[in-house]
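Since the structure comes first, as structure tokens, the remarks are kept for the end.
Quantities reported herein were computed from a predicted structural model and do not represent experimental measurements. Reminder, nothing fancy here: chain letters follow the sequence lines and each chain counts from 1.
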Protein chains: 2
Amino acid sequence: MRVRIEDVAKAAGVSMKTVSRVLNNEPTVKDETRARVQAVAKSMNYRPDPSARSLAGRKSYLVALLYDNPSANYLMEILMGVVEACQEYHYGLVVQPLNYHSPDFLQSVESLVTFSKLDGLILTPPITDSVALLDRLDALGMPYACVSPKNREGGIGVTLDEHDAVCDMIEHLASLGHTRIAHIKGHPAHGASEWRLAGYRSGLRRAGLRYEPELVIDGEFSFDSGVSAARQLLDLERPPTAIFAANDDMAAGAMSVAHSRGLSIPGDLSVCGFDNTPMSRQIFPALTTVHQPTQEMGRLATGELLKTIKDPASGQMLRMPYALQLRQSTGPAPRR
Amino acid sequence: MRVRIEDVAKAAGVSMKTVSRVLNNEPTVKDETRARVQAVAKSMNYRPDPSARSLAGRKSYLVALLYDNPSANYLMEILMGVVEACQEYHYGLVVQPLNYHSPDFLQSVESLVTFSKLDGLILTPPITDSVALLDRLDALGMPYACVSPKNREGGIGVTLDEHDAVCDMIEHLASLGHTRIAHIKGHPAHGASEWRLAGYRSGLRRAGLRYEPELVIDGEFSFDSGVSAARQLLDLERPPTAIFAANDDMAAGAMSVAHSRGLSIPGDLSVCGFDNTPMSRQIFPALTTVHQPTQEMGRLATGELLKTIKDPASGQMLRMPYALQLRQSTGPAPRR
DNA sequence: TTGAAAGCGCTAACAC
DNA sequence: GTGTTAGCGCTTTCAA
């Protein structure tokens with residue numbers, strides 16, 4: 001039979017409640033008692049039963065990762081970080097796909113939270129940006145941490161300074177002699193698209209280049225949208241010599257168009273992206289991109305969430321470092 | 001306050017136990033009573049409390065997905081399928097990374113199973129192939145379903161006829177006039193590597209081509225291993241005109257080598273892979289590969305597992321269909 | 001076919 | 001600091 005708290009209590013010569021206190025790190029236990037109980041629990045290989053704990057304590061020791069149709073890689077990396085943190089803190093994890101556009105989006109989150117008695121939520125873009133949801137969660141007192149939310153103030157979670165990253169990237173292109181640098185924008189529903197566009201504009205400004213509306217094309221983060229945007233750009237009377245796509249998938253689309261038109265990369269056209277996906281290393285030539293420490297972001301966001309659950313005042317919005325990943329898809333601007 | 005089984009019982013004019021019977025689909029309830037209880041439960045928006053259920057019933061209504069460092073995409077697709085099935089059957093999911101090579105691998109699975117009271121496991125390669133683990137699980141009476149296990153007989157789960165898929169692919173290359181078709185093998189620890197090699201040999205045989213050991217190079221499913229294997233192949237005195245890599249990542253590595261040597265694909269060299277990863281569509285030229293319905297496999301494996309949990313005799317090993325995905329990376333063999 | 005009572009293993013509330 | 005008691009919401013067991 002399973003070892004129960006009662007068995008541990010008997011073996012340690014204390015009451016069940018004291019064992020419970022030790023397990024839950026409550027401060028009101030004498031150090032000596034605590035040490036003894038811990039030793040006994042360990043030697044008996046005792047682990048509390050999650051359902052009993054949850055039933056009696058009205059907590060689930062469960063957090064949920066909420067997502068809506070992100071790229072598989074992105075989500076996977078976040079997930080790996082989240083899993084790491086959950087293991088460390090002995091929390092369980094529920095993985096929950098959601099439909100952000102569904103009319104009963106709010107309702108479905110609410111019933112998930114209620115029926116699973118979740119202790120907290122980890123939100124990923126674009127769910128991070130549903131004001132209605134955040135308001136509702138605040139009203140319910142449900143703790144949540146955001147990964148790369150649009151609104152970085154006040155909440156808890158992690159962000160990356162995407163604006164500065166892109167700005168650096170554009171300056172890099174300019175330093176290679178490019179003067180016609182195009183941008184393929186991201187999906188309009190994602191905050192990232194705005195930051196990356198803003199970074200593009202700041203980068204141009206810093207490099208002393210003019211912003212030209214014809215060099216900015218709408219995309220939606222997909223390979224195909226990158227393909228059609230690149231076609232438009234390369235069909236211009238004065239096509240760009242460099243393209244910054246708001247993510248790697250669209251950059252791959254742009255490269256594909258260039259290849260099929262016989263343009264050499266980076267000889268005739270430089271291309272760069274954002275995300276440093278595994279794919280970016282595997283295409284030819286390898287893609288210059290911005291690295292974002294996604295897994296670490298998942299781990300730290302979860303850490304902040306779990307801290308907040310214990311002590312509501314302790315969670316913060318963490319700023320993560322980015323890094324330009326310079327590879328072979330960018331090079332000196334072609335001479336006229 | 002939350003609606004409890006007692007509230008439903010009162011409203012329906014029956015005992016708690018009868019409501020419980022209805023919820024758990026026990027047969028010994030009069031149809032009329034069952035219908036009434038179901039209607040009342042629905043109208044009150046009743047959902048049983050998982051921890052109470054689990055505590056009293058000594059079941060967790062939880063299954064775990066066990067994995068060890070697979071490709072992010074593969075795992076993500078499996079995961080999405082697993083999540084779908086779990087939602088449908090109202091089961092919870094635990095996501096658990098494992099270290100197959102760790103000395104306490106068995107122990108860590110066992111304590112996971114014990115302490116989380118898991119009702120079943122979904123195993124992914126290469127964990128599917130640990131004989132020691134499978135034996136232990138059988139001994140414990142712990143139900144599990146495998147995705148693409150080495151041993152397809154007797155167990156429950158899903159498989160794909162990888163041998164036949166590769167065989168078809170090789171025949172396709174042969175039909176394009178290729179006579180020197182190389183193979184980059186997969187990681188030796190994965191069953192898939194063996195099947196794909198066997199399919200390669202069968203394909204050659206069917207096409208009337210000789211098996212030439214110098215055309216078969218070890219790989220380990222990574223891009224880099226594809227790169228070094230392709231270098232060896234292209235350095236041969238009589239290099240191949242086509243390369244079948246055991247997965248898409250290695251195929252991308254091979255393409256990268258070809259590009260950097262100025263070889264045209266498929267003009268000078270045809271390349272094909274296996275998995276139909278998103279990346280395979282995004283490289284240039286788009287990669288010919290084998291599609292395997294990974295998400296569906298996750299969903300169906302989970303379905304078989306959950307069926308088995310209800311009725312131990314009902315689980316099967318399902319065979320999934322594959323499909324060649326012909327794209328631009330393969331073409332007619334170059335003339336001598 | 002249905003119900004009453006006794007737990008499942010833990011924590012909350014309160015007493016000491 | 002520590003212990004006692006009474007549940008948490010469900011299923012099991014056994015009786016009807």
Exercise: identify the closest heavy-atom pair between G92(A) and C86(A): O-SG, 4.3 Å

To the nearest angstrom, how far is K117(A) atom NZ from dG9(D) atom C1'? 8 Å

Just to be sure I understand the rule, does S51(B) reach a base, reach only the sugar-phosphate, or reach nothing, if contact means heavy atoms closer than 4.0 Å? nothing

Separation of atom CZ in R53(B) from atom C1' in dG9(D), rounded to whole Å: 11 Å

If only side-chain N and O atoms of T18(A) are considered, is one of them under 4.0 Å from the OP1 or OP2 phosphate oxygen of dT2(D)? no

What is the separation between atom CG on D119(B) and atom P on dT11(D), rounded to the nearest whole Å? 13 Å

Quick one: does any side-chain atom of S314(A) pair with a main-chain N or O of D311(A) as donor and acceptor, under 3.5 Å? yes

Taking only Lys NZ, Arg NE, NH1 and NH2, and the carboxylate oxygens of Asp or Glu, determine whether D7(A) and R4(A) approach each other closer than 4.0 Å. yes

In whole Å, what is the span from the CG atom of D31(B) to the C1' atom of dT2(C)? 15 Å

Any side-chain N or O of S20(B) below 4.0 angstrom from OP1/OP2 of dT11(D)? yes

Please report the distance, rounded to the nearest Å, between CZ in R34(B) and P in dT2(C). 9 Å

Parallel, tilted or perpendicular: ring planes of Y91(B) versus Y61(B), cut at 30 and 60 degrees: tilted

Please find the pair of heavy atoms, one from P293(B) and one from M320(B), that lie closest to each other, and give the distance. CG-CE, 3.8 Å

Specify the separation, in whole Å, of atom NZ of K17(A) and atom P of dG3(D). 12 Å

Which whole-number value in Å describes the distance from M44(A) CE to dG9(C) P? 14 Å

Please compare L55(B) and T33(A) by the position of their nearest nucleotide in DNA chain D and report the one closer to 5'. T33(A)

Between S15(B) and dT2(C), is there a contact of a side-chain N or O with OP1 or OP2 at under 4.0 Å? no

Whole angstrom is fine here: how far is it from CE in M16(A) over to C1' in dG3(D)? 11 Å

Per atom distances to the A52(A) side chain, the nearest of dC10(C), dA12(C), dT2(D) is dC10(C)

It should be established whether Y46(A) places a side-chain nitrogen or oxygen under 4.0 Å from OP1 or OP2 of nucleotide dC10(C). yes

Taking atom types as they are modelled, would you say the side chain of R21(A) forms a donor-acceptor pair with the base of dG3(D) within the 3.5 Å cutoff? yes

Out of dC10(C), dC8(C), dC10(D), whichever nucleotide has its closest atom nearest the side chain of D49(B): dC10(D)

